[in-house]
Amino acid sequence: MYLKVHTLINSGTDISYGEDINHFYIYRILRSLFIDLCRKEAKITKVNIEYLEKFVEEEEIKEYKDIEGKMKQLDTLVDKLYWYDAKVWRLIAEEKMSIAQLSKESGISYYSLYNTYKNVKSLIKNSIQWD
């Protein structure tokens with residue numbers, strides 16, 4: 001509150017009421033600071049740290065097992081694809097090559113590569129059940 005009053009006085013705002021300080025300004029400053037504090041505390045959700053650590057450890061173990069199984073399903077599904085589709089998928093998804101870059105290097109149409117990648121991606125989404 002003192003800092004707010006000080007900034008008001010330095011900015012040239014007259015908060016005096018005759019010879020005394022205007023108590024209305026003090027009341028308004030305190031009220032606005034209190035309301036701001038209540039808003040900030042309402043946004044913060046307090047969680048017990050021990051519960052959070054236990055929850056995170058359990059989730060990491062569960063997610064790691066799930067991801068490992070899903071990756072095996074993905075590998076077997078990609079192995080069953082037509083060779084061209086599997087090669088395009090591996091170059092774009094696993095090698096992190098862009099479709100435009102692959103199109104320039106291979107001479108294959110951008111739209112052909114894009115449609116192949118999109119079809120393989122939709123096949124994977126439909127075949128593997130993600131939780």
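Position 1 is the first residue of the sequence; numbering continues from there.
By the side chain to side chain donor-acceptor pair (under 3.5 Å) test, Ser11 pairs with Thr13, sequence neighbours left out. Residues satisfying the side chain to side chain contact (heavy atoms under 4.5 Å, CB included) criterion with Ser32, sequence neighbours excluded, are absent altogether. Not counting sequence neighbours, the partners of Tyr27 by the side chain to side chain contact (heavy atoms under 4.5 Å, CB included) test are Arg31. Taking Leu33 as the reference, Met1, Lys4, Ile29 meet the side chain to side chain contact (heavy atoms under 4.5 Å, CB included) condition, with sequence neighbours excluded. Residues passing the side chain to side chain donor-acceptor pair (under 3.5 Å) test with Asn10 are His6, sequence neighbours excluded.
Across all their heavy atoms, Val78 and Ala86 have their closest contact at O-CB, 3.6 Å. Between Ser127 and Leu77 the shortest heavy-atom distance is CB-CD2, 3.7 Å.
Identified under the salt bridge (Lys or Arg N to Asp or Glu O under 4.0 Å) test for residues 74-88, with sequence neighbours left out: Asp79-Arg90. Here ring pair (Phe, Tyr, Trp, His ring centres under 6.0 Å) pairs that include residues 82-122, with residues two or more places apart or in two chains, are Trp89-Tyr117.
For the pair Leu102 and Glu105, the minimum side-chain heavy-atom distance is 4.5 Å or more. Contact check for Val88 versus Val120: no side-chain heavy atoms found under the 4.5 Å cut-off.
Side-chain atoms of Ser112 do not come within 3.5 Å of backbone N or O of Ser109 as any donor-acceptor pair.
With rounding to the nearest 0.5 Å, the separation of CG in Leu74 from OG1 in Thr76 is 8.0 Å. Once rounded to the nearest 0.5 Å, the distance linking CG of Leu113 with CG of Leu91 reads 9.0 Å.
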Worked verdict on Ile108 versus Ser103 for side-chain contact (heavy atoms from CB on, under 4.5 Å):
CA-CA 5 Å; Ile108 301 171; Ser103 175; 5.7 Å; no
